[in-house]
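Heads up: the structure comes next, in structure tokens.
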2 protein chains.
Amino acid sequence: MTEDGTSKIATHIDVPDHVSEGLPTCRLREVLDRVGDKWSVLIMAILGDGPRRYSELRRSIDGISQRMLTLTLRSLERDGLVIRTVTPTTPPRVDYELTPVGKTLSSRVSSLIEWAEQHREYISISRRSYDAE
Amino acid sequence: MTEDGTSKIATHIDVPDHVSEGLPTCRLREVLDRVGDKWSVLIMAILGDGPRRYSELRRSIDGISQRMLTLTLRSLERDGLVIRTVTPTTPPRVDYELTPVGKTLSSRVSSLIEWAEQHREYISISRRSYDAE
DNA sequence: CGGTATCCTCATAGATACTG
DNA sequence: CAGTATCTATGAGGATACCG
């Protein structure tokens, strides 16, 4: 995602047939852009556990700036992955939750997280042995 | 991944239990760093189809610079996800292939690509309707 | 062919201050 | 509380040139 919320010009990518399946292969680039930024998956992982208020998200994600939280949530909302609900009380209350489609992505992402847990040690060892040379 | 190949200081992240499962939650950050850069998944997707020469990879991935191809391959090798095999002929020949662990990540990533194919249209429509306001 | 070495750009994101 | 508005900087990644 870019700063103004517009998507980048997708790079054409020539991947094997079992990946592209005859469709324009730039689509891979699109998911990666959607999922590859610093905070999106993290937010989706948390929202995968249920709706959260803006302030709850902010507290849950150590190190995120108010700016990036808002920017990322807006981008997810724009893509139809989260829903933003404003309750106009004073002070205002804003809740965020995954859409049905958002949940499907969230579960795919969980699979990656699971992979990470399982192979963390392997990678760590690989790095040490590589760096030893 | 950073320029010199070392990993970033992982940010502590407070995610729900079903995500963290009691383990240090910064691990999510690690996968994202591993998978979230511009070329890693793309290369893994191609290598998922079988071994490739350096020059083949270069031709397959439109838009990648020699610098980034080498850098990314080195990083994947360091993490034990690809194997680099040099055949010292003249001119030299270098082949890259996924390790068994690399293949397991590659298949998780394929799941994400599949998701993208399925929901590309949905996202596109969501964006148009969001931008209309 | 398969890389390094440099230099440079620009997008991503952090910090800070202010607001309805 | 839930944001904007600015300003700034860092580092990922591109361009180019050269090398064993």
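No experiment lies behind these values; they were computed from the predicted model shown. Residue numbers begin at 1 in each chain, while the letters A, B, ... track the order of the sequences.
Here B/S55 pairs with B/R53, B/R59 under the side-chain contact (heavy atoms from CB on, under 4.5 Å) rule; sequence neighbours left out. B/V101 is linked by a side-chain contact (heavy atoms from CB on, under 4.5 Å) to A/W115, A/H119, A/Y122, B/L81, B/T99, B/T104, counting only residues two or more places apart in sequence or in another chain. A/V82 meets the side-chain contact (heavy atoms from CB on, under 4.5 Å) test with A/L47, A/L76, A/E77, A/Y96, A/L98; sequence neighbours excluded. A/R93 meets the salt bridge (Lys or Arg N to Asp or Glu O under 4.0 Å) test with A/D95; sequence neighbours excluded. Residues satisfying the salt bridge (Lys or Arg N to Asp or Glu O under 4.0 Å) test with A/E114, not counting sequence neighbours, are B/R108. With sequence neighbours excluded, no residue forms a side-chain contact (heavy atoms from CB on, under 4.5 Å) with B/S129. For A/S107, the side chain to side chain donor-acceptor pair (under 3.5 Å) criterion is met by no residue, not counting sequence neighbours.
Atom CG in B/D33 sits about 11 Å away from atom P in D/dG13, given to the nearest Å. Note: NZ (B/K38) to C1' (D/dG14) measures 8 Å, nearest angstrom. Rounded to a whole Å, the CH2 atom of A/W39 is 9 Å from the P atom of C/dA13.
The terminal axes of the helix from C/dC1-D/dG20 to C/dG20-D/dC1, fitted over 5 pairs per end, subtend an angle of 50° to the nearest 10°.
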Expected string for nucleotides 1-6 of chain D under the B/S/- scheme (protein heavy atoms, under 4.0 Å, primed atoms plus P, OP1, OP2 as sugar-phosphate) is BBBS-B

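Under the 4.5 Å side-chain heavy-atom criterion for ILVMFWY residues, a single connected hydrophobic cluster contains both A/M68 and A/M44.
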